[in-house]
Amino acid sequence: MKTARKASYARAAWREQRERSNLCIMKFMRWISLTCGRSASRILLRGIALYFLLFSPTARTASRNYLERALGRTIGWKQLYRHFFCFASTIHDRIYLTANRMEQFDIALDDHINLPEYTCRRGAILMGAHMGSFEALYALGRTRPDLKVSLVMYEENARKLNQILATINPALRHDIISLGQIDTMIRIRDRLKNGYLVGILADRTLREEPSRNICFLGSIAHFPYGPFRLAALLRCPVIFMAGLYRGGNRYSLHFDALADFSETSHEDKEQYLIAAMDNYVRFLEKYCRLAPYNWFNFHDFWKEPMD
C-alpha cells in the first residue's frame, strides 16, 4: 500500500543534526591513514565506531528502528555496532579513494547496464541514496576515460570532512556540484550535455521540500519530489545506483534502469515522475534488504511531515 499525498513537506531532520566531528581528530586520522596505511588505521576506526555508538543516542535509536525493519527481527548491540562500523569504514575509505589509491580496493562493477553507452550520448542521472559509497564509482570513473562522473551534494552537514578531503586532492572540487546554489541546475545540465554521469542522492529532503508518502520497509516514509522533477525537466535517463560495502576492502557497484524522461511528453510527465519515484523506493528497499548495514540515515526517517 502506498500514499501519494503531494501537499506535504518532509521534516528535514538530518539537516538539524550537527556534524559530530572534531577537526583536529579528523586531521590526525587523515595523517595516520595515509602514513601508516589502511590496515593499521582501521584499528583506531573500531574505537571511533564504538564511541559514536555509545554516545549518540539519537543515531542509535534510528539505527535500531531501521535495522529491525530491514532484517525483520529484534536486533542487539552487535548489529548496531556493525551498522556504525560499516558507516565508519566507508567514510575512512574516502581518504584512500580521494587519494587515488585504487589498488587497495577490490571493486566489482555490475555491468548489465552499459554505462559508457550513456556517456557517449547525453549522459544520465545516477539516482543514489545514503547507502554504501558513491565515492567508489567516483574514484573508478577517474581511472576510466569512458566514465565521467560528477556528484551533486549538500555540503553543509559534512563541511569538516569535505575540507579534509579537499586537502588530499583539491582537483576533485571540479566534479562536485553544490545543492541549493543559483547555478546548480545549469551546471548539472552542462555536465549531462558533456556525457557525464551525474550522481544525486534522493533519500533526503532539502529544507521544506515537497515530498511524497511512499511505503518503505513496511511503513510510510517521505521522499522528495525534487530530484525526480529535475530529471524530468532535464529530459534525461535515470539509473539507480548503489555502491555497497562488502567488508574488508571489497565494494560492489550495482545499477538498475529507473526511468527515461528523454522521450516523455508534457502530458505524461507527472505519471512518469510518480512511476520513477515508486521504482526508486522499490530498488532502495531491495538493496536495504540485500545489504542492510549499508544504509546510513541516522535520524527518524519515518517521522511525520511538517504541516
Side-chain angles (χ1 to χ4, degrees), residues 14-15 17-60 62-63 77-107 128-143 151 153-176 178 199 201 243-251 291 293-299:
W14 63 276
R15 296 185 67 248
Q17 293 180 334
R18 297 179 61 186
E19 184 180 8
R20 296 196 58 182
S21 303
N22 181 286
L23 192 58
C24 291
I25 293 176
M26 293 177 75
K27 288 180 178 179
F28 172 72
M29 276 302 297
R30 175 192 59 188
W31 176 81
I32 201 169
S33 298
L34 295 176
T35 303
C36 300
R38 186 171 179 271
S39 297
S41 53
R42 274 173 68 86
I43 297 173
L44 288 177
L45 198 67
R46 293 193 174 276
I48 292 172
L50 180 60
Y51 171 83
F52 281 102
L53 172 63
L54 294 176
F55 296 103
S56 303
T58 300
R60 189 171 63 242
S63 173
W77 285 89
K78 180 179 179 180
Q79 291 79 22
L80 289 171
Y81 176 76
R82 184 175 176 184
H83 193 198
F84 277 72
F85 182 67
C86 184
F87 176 56
S89 295
T90 62
I91 297 296
H92 182 232
D93 284 345
R94 288 181 69 178
I95 294 173
Y96 301 100
L97 293 168
T98 300
N100 292 325
R101 296 189 180 181
M102 293 293 292
E103 72 282 356
Q104 300 196 31
F105 299 98
D106 176 9
I107 302 177
H130 291 80
M131 168 174 278
S133 174
F134 187 90
E135 285 76 12
L137 173 65
Y138 187 31
L140 185 65
R142 296 197 299 275
T143 68
L151 177 61
M153 63 184 297
Y154 181 72
E155 298 184 274
E156 291 301 317
N157 279 63
R159 181 174 292 277
K160 294 174 187 175
L161 175 61
N162 291 328
Q163 180 181 334
I164 293 294
L165 295 176
T167 63
I168 298 173
N169 193 342
L172 299 188
R173 295 298 308 164
H174 170 74
D175 290 325
I176 301 295
S178 183
L201 308 184
L244 304 180
Y245 176 60
R246 295 302 200 174
N249 69 338
R250 296 177 296 114
Y251 286 86
Y293 299 100
N294 272 256
W295 194 56
F296 307 134
N297 272 315
F298 293 100
H299 64 273

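Just so it is clear, the values below take in all heavy atoms, side chains as well, and ignore hydrogens, waters and symmetry mates.
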task: Output all residues satisfying side-chain hydrogen bond (donor to acceptor under 3.5 Å, both in side chains) with T90, sequence neighbours left out; order by chain, then residue number.
output: none
- prompt: Do side-chain atoms of T143 reach the backbone of L140 as a donor and acceptor pair under 3.5 angstrom?
  reply: yes
- line: Rounded to the nearest 0.5 Å, the CE atom of M153 sits from the CG atom of L201 at a distance of 8.0 Å
message: Would you compute the distance between atom CG of L53 and atom OH of Y81 and round it to the nearest 0.5 angstrom?
response: 8.5 Å
- request: Indicate whether any N or O donor in one side chain lies under 3.5 Å from an N or O acceptor in the other, for N100 and R142.
  value: yes
task: Scan residues 77-92 for pairs that pass salt bridge (Lys or Arg N to Asp or Glu O under 4.0 Å), counting only residues two or more places apart or in two chains.
output: none
message: Using the side-chain hydrogen bond (donor to acceptor under 3.5 Å, both in side chains) criterion, which residues pair with W31? Sequence neighbours excluded.
response: T35
query: Taking the side chain from T98 and the backbone from I95, do they hold a donor-acceptor pair closer than 3.5 Å?
result: no
- prompt: What residues form a ring-ring contact (aromatic ring centres under 6.0 Å, His included) with F134, not counting sequence neighbours?
  reply: none
- prompt: Just by distance, with hydrogens left out, do S41 and Y96 show a side-chain donor and acceptor under 3.5 Å apart?
  reply: yes
query: Who are the side-chain hydrogen bond (donor to acceptor under 3.5 Å, both in side chains) partners of D106, not counting sequence neighbours?
result: none
Sequence neighbours excluded - salt bridge (Lys or Arg N to Asp or Glu O under 4.0 Å) pairs with any residue from residues 46-57: none
- line: Smallest heavy-atom separation, L151 atom then G199 atom, equals CD1-O, 3.4 Å
side-chain contact (heavy atoms from CB on, under 4.5 Å) partners of A129, counting only residues at least two apart: M131, D203, Y280, L284, W295
field: Partner residues of F87 under the ring-ring contact (aromatic ring centres under 6.0 Å, His included) criterion, sequence neighbours left out
entry: F296, F298
field: Interatomic distance, L137 atom CG to E135 atom CD [nearest 0.5 angstrom]
entry: 10.0 Å
statement: On a heavy-atom basis, the closest approach of S33 and R101 is O-NH1, 4.5 Å
H299 and T58: side chain donor to acceptor below 3.5 Å: no
- prompt: Angle class for the Y51/F55 ring planes (parallel below 30°, perpendicular above 60°, tilted otherwise)?
  reply: tilted
task: State which residues pass side-chain contact (heavy atoms from CB on, under 4.5 Å) with A40; sequence neighbours excluded, sorted by chain then number.
output: C36
task: Please check if any side-chain donor atom of Y245 sits under 3.5 Å from a side-chain acceptor atom of D93, or the reverse.
output: no
message: Please give me the minimum heavy-atom distance between R38 and H92, naming the atom from each residue.
response: O-CE1, 4.0 Å
message: Quick check against the 3.5 Å criterion: does S63 have a side-chain atom that pairs as donor or acceptor with the backbone of A59?
response: no
statement: Sequence neighbours excluded, the answer for side-chain contact (heavy atoms from CB on, under 4.5 Å) partners of A88 is L45, A49
message: For H83 and N294: C-alpha separation, side-chain torsions, deciding distance, then whether side-chain contact (heavy atoms from CB on, under 4.5 Å) applies.
response: CA-CA 7 Å; H83 193 198; N294 272 256; over 6 Å; no
field: side-chain contact (heavy atoms from CB on, under 4.5 Å) partners for R246, two or more places apart
entry: L244, R250, S252, H254, L290, A291
Distance-minimising heavy-atom pair for L97 and S133: CD1-OG, 4.1 Å
message: Tell me every residue that passes side-chain hydrogen bond (donor to acceptor under 3.5 Å, both in side chains) with R60, counting only those two or more places apart in sequence or in another chain.
response: none
field: Nearest-0.5 Å distance that lies between atom CZ in F85 and atom CG in L80
entry: 15.5 Å
- request: Work out which heavy atom in A136 is nearest to a heavy atom in I107; give both atom names and the distance.
  value: O-CD1, 4.0 Å
- prompt: How far apart are the closest heavy atoms of Y251 and S89, and which atoms are they?
  reply: OH-O, 4.1 Å
